[in-house]
Protein chains: 2
Amino acid sequence: MPRHDPDARNGRRVSVTDVAAAANVSVGTVSNVLNRPEKVLPATKARILQVIDELGFVRNDAARQLRAGRNRAIAMVVLDVANPFFTDVAHSVETELAEQRRPLILANSAQDPSREASHLDLFGEQRVDGMLITPVGRVLTRLRQLRDRGVAVVLVDRKTGSREFSSVSVDDRMGGRLAAEHLLDVGRRRLVFIGGPGSLAQVRDRWTAAREAVESHADATIRFVETEAMDARAGRQAADTLLQLPADERPDAVFAANDLVALGVLQALTLAKVSVPDEVALIGYDDIDFAASAAIPLSSIRQPREELGRRAAQILLEVIDEPDTRVRHVVLEPELVVRRSTSG
Amino acid sequence: MPRHDPDARNGRRVSVTDVAAAANVSVGTVSNVLNRPEKVLPATKARILQVIDELGFVRNDAARQLRAGRNRAIAMVVLDVANPFFTDVAHSVETELAEQRRPLILANSAQDPSREASHLDLFGEQRVDGMLITPVGRVLTRLRQLRDRGVAVVLVDRKTGSREFSSVSVDDRMGGRLAAEHLLDVGRRRLVFIGGPGSLAQVRDRWTAAREAVESHADATIRFVETEAMDARAGRQAADTLLQLPADERPDAVFAANDLVALGVLQALTLAKVSVPDEVALIGYDDIDFAASAAIPLSSIRQPREELGRRAAQILLEVIDEPDTRVRHVVLEPELVVRRSTSG
DNA sequence: GCACGCGATTGAAACCTTTCAATCGCAATC
DNA sequence: GATTGCGATTGAAAGGTTTCAATCGCGTGC
């Protein structure tokens, strides 16, 4: 009863050969109908299309790819699919690729170098045409191997190995500076930066620039609270740690390395009845949509994520077309967005 | 200068044949090293592995799939990748599949039947082993075709064509009832349901159950405000429409078909200085993480999304192993979560 | 010394599509 | 009536892997 059409299921799969036989043409003609319909006589085409329909023929993509030597798909490896920042960027990439009818395969490294490596290996075997990656681990060697085998690679939101691979990124140092200077501007002097792991370039750059900004104010300090991940849970935990400090050691401002962490911090502070921004000012990073509608609307550093995805896709397509184009680095600028969490 | 290793790039791609020749074995043995390493003598294996490394051989997945007739991958088509509910479900699916080393290909139908159809066609050509889908359009015919060609199909969060396909879903009617009854319980009588498009089964079920709950109260009313999508923007727009009503026609409670819509409604109401929950009570659906940290923490109907993904993946794997297992329907129960937006 | 058994290895066949040089059929031209 | 030109069609080859029946080589038991 669950069975719907046993014949179709048990019968061997239908191939171009079967279609050709049934339509009394050669396989070449069937292939032409599929790929260069204008090359075949309308009458023949109609007949073949009808047979295709009757037999339920579906082109086998594996065979097609084998013959072509490549896969039209583009793979994208992001740090965290649960972070709206990355899904927004991916969405923008997808939109740009849709024009060329190229599917986007999304993979989540979850900031884990071993997961990242296994995704890269898989995409290598799949011979994707191009790849967008926000690297976590030491992947330069693997990326070179891919490139040498003809896979176009563009780095997103990162410039590692920049002499060899084009990239599109947002200036994290500028973002870090903007955030820190804003906190200083609103009179805060005991800053904390929360983010991690410290091995992530994004985290390092934002932290370093923030530290430099703070160091130019003699009376201000900033310290680094490292987290293992960058989600709300990590933010809550980090904030709980800070709450255990004696009152006179508590920070009066928190700069979270992304908005998810900031939202976590906000939850923990609210729960502990610490007023934001009166007692602690709070700024995040990314300006995801939820930042604006948080319990206390969150100040943040806006990254132009739509443009980031679009430009990345464009450059990737260029590299696919012309692998020897000059390596390019597009650096976009972030922007400070002030909301209630830093300006009560 | 962008060129890294011209030899490797220009040279023909390395195949098992090349490896076999260089290692003085047959292709069969190379294949065994790759797929059944225990079958080959340690010394031979070591030699072949070394050659593989030296030559930079990477198995061609297209050829492998062609031979195998299928692709180990599982495809998942969701309504909206920008909705954390679906990324959470997808994440849970991915985790479950990881044990079998099956990659998950995520595709976004964006509630658009034509996008959904083209994804299905693509996955058909790719001969994925299995597919999880939350259907939008009239896809039953396509799904049957896929099933008849050996693709395991499990419906997620929907029961269309339930005699033929197994499914895992959450009881939307129960959810709709819980939401409406809660609003009635806290004394509201002029309800509005916001969601859409009305063709979505989720929307219909939640609405219908809510209407039924309201109808059993003689003095209460509920009306349907249909949106084109289910994101925050749609929520803001719908709320703006309501705000233009004369004060005595305004609702005193809003039931949004998902949390994104609810957050949009909340933004618009806040902007218009309408107090939530005093003037308008607001409840969402899904209980995404952000619901708890919204400006006014959002009451919602929690769906067990982790379990939803896990069970869906498990059933799919069962169907792949044993295509003729009985069709099963797992229905999970949603749960009311009361927060400030309905209980000031 | 021989047959047997068994693990290791072989290599041709199969998977299905696309490509492209060759061929066909037909009409226009000389 | 023969030739040319041209669009439509043909069909064999190529692409790289896996499978599996057949073979090899070697030690064991008689």
Side-chain angles (χ1 to χ4, degrees), chain A residues 11-49 51-52 55-73 121-122 124-129 149-150, chain B residues 11-49 51-52 55-73 121-122 124-129 149-150:
Chain A
R12 235 183 68 271
R13 299 246 176 82
V14 183
S15 77
V16 272
T17 317
D18 304 319
V19 174
N24 258 319
V25 292
S26 76
V27 293
T29 305
V30 176
S31 176
N32 280 338
V33 169
L34 261 27
N35 302 298
R36 294 176 218 70
E38 75 285 358
K39 293 266 170 198
V40 26
L41 223 53
T44 319
K45 180 166 57 181
R47 182 159 36 102
I48 295 178
L49 286 176
V51 171
I52 285 180
L55 265 46
F57 164 77
V58 174
R59 174 214 263 129
N60 183 326
D61 197 50
R64 187 236 265 278
Q65 276 173 215
L66 173 58
R67 179 65 235 238
R70 69 236 274 329
N71 180 341
R72 285 182 56 77
D121 289 345
L122 181 69
E125 294 186 2
Q126 300 201 146
R127 268 125 178 112
V128 295
D129 254 9
R149 291 209 321 279
Chain B
R12 237 185 65 273
R13 297 247 177 81
V14 183
S15 78
V16 272
T17 318
D18 304 321
V19 173
N24 260 318
V25 293
S26 75
V27 293
T29 306
V30 176
S31 175
N32 280 338
V33 168
L34 263 24
N35 302 298
R36 295 178 218 71
E38 75 285 358
K39 291 267 169 197
V40 27
L41 222 53
T44 319
K45 180 166 57 180
R47 183 158 38 102
I48 295 177
L49 287 175
V51 172
I52 285 180
L55 266 46
F57 165 78
V58 174
R59 174 213 265 128
N60 183 326
D61 196 49
R64 186 236 264 279
Q65 276 174 214
L66 172 58
R67 177 64 234 236
R70 58 207 334 285
N71 180 342
R72 285 182 56 76
D121 288 345
L122 181 69
E125 294 187 1
Q126 299 200 146
R127 272 133 176 103
V128 295
D129 255 10
R149 291 209 321 280

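Residue numbers begin at 1 in each chain, while the letters A, B, ... track the order of the sequences. Only a predicted model underlies this, so the values are computations on that prediction, with no experimental measurement involved.
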>> Over all strands shown, is A:Asp61 touching base, sugar-phosphate only, or nothing at heavy-atom distances under 4.0 angstrom?
In response: nothing
>> Tell me which residues in residues 64-71 of chain A lie within less than 4.0 Å of DNA chain C, going by non-hydrogen atoms.
In response: A:Arg64, A:Arg67
> For B:Asp18 and D:dA14, what is the distance between atoms CG and P respectively, to the nearest whole Å?
Replying inline: 15 Å
> Taking atom CG of B:Leu49 and atom OG1 of B:Thr44, what is their separation to the nearest 0.5 Å?
Replying inline: 10.5 Å
> Bend across the helix from C:dG1-D:dC30 to C:dC30-D:dG1, to 10°, with axes taken over 5 pairs at each end?
Replying inline: 60°
> Applying salt bridge (charged side-chain N to carboxylate O under 4.0 Å, His left out), which residue pairs with at least one partner in residues 62-71 of chain A are found, sequence neighbours left out?
Replying inline: A:Asp61-A:Arg64, A:Arg70-A:Asp129
So which protein N/O to nucleotides 7-11 of chain D N/O distances come out below 3.5 Å?
| residue | atom | partner | partner atom | Å |
| --- | --- | --- | --- | --- |
| D:dT9 | OP1 | A:Thr44 | OG1 | 2.6 |
| D:dT9 | OP2 | A:Leu41 | N | 3.2 |
| D:dT10 | OP2 | A:Ser26 | N | 2.8 |
| D:dT10 | OP2 | A:Ser26 | OG | 3.2 |
| D:dT10 | OP2 | A:Thr29 | OG1 | 2.7 |

> In Å and rounded to the nearest 0.5 Å, what is the CD1 to CG distance from A:Ile48 to A:Leu41?
Replying inline: 10.0 Å
>> Quick check: closest heavy atoms across B:Ala22 and B:Val51, and the distance to 0.1 Å?
In response: CB-CG1, 3.7 Å
> What integer distance in Å separates A:Phe57:CZ from C:dC15:P?
Replying inline: 15 Å
> Contact class for A:Arg36 vs. all strands (heavy atom < 4.0 Å): base, sugar-phosphate, or nothing?
Replying inline: sugar-phosphate
>> Which residues pass the side chain to side chain donor-acceptor pair (under 3.5 Å) test with B:Arg127, not counting sequence neighbours?
In response: none
>> Is it the case that the side chain of A:Arg59 and the backbone of B:Glu125 share a donor-acceptor pair, with hydrogens and angles ignored and the cut-off at 3.5 Å?
In response: no
> NZ/A:Lys45 to CG/A:Asn32 distance, rounded to the nearest 0.5 angstrom?
Replying inline: 11.0 Å
>> Rounding to an integer number of Å, can you tell me how far B:Arg127 CZ sits from C:dC16 C1'?
In response: 9 Å
> OP1 or OP2 of C:dT18 sitting under 4.0 Å from any side-chain N/O of A:Asn35?
Replying inline: yes
> With respect to the side chain of B:Ser31, which nucleotide from D:dT18, D:dT17, C:dT18 is positioned closest?
Replying inline: D:dT18
> By side chain to side chain contact (heavy atoms under 4.5 Å, CB included), which residues pair with B:Lys39, not counting sequence neighbours?
Replying inline: B:Arg36
>> With a 4.5 Å cut-off on side-chain heavy atoms, are A:Val25 and A:Arg47 touching?
In response: yes
>> If you compare every side-chain N and O of B:Ser15 against the phosphate oxygens of D:dG16 (OP1, OP2), does one of them come in below 4.0 Å?
In response: no
> For B:Ile52, which of B:Leu34, B:Asp18, B:Val58, B:Val14 qualifies under side chain to side chain contact (heavy atoms under 4.5 Å, CB included)?
Replying inline: B:Leu34
>> Looking at every heavy atom in both B:Val128 and B:Ala73, which two are closest together, and how far apart are they?
In response: CB-O, 3.5 Å
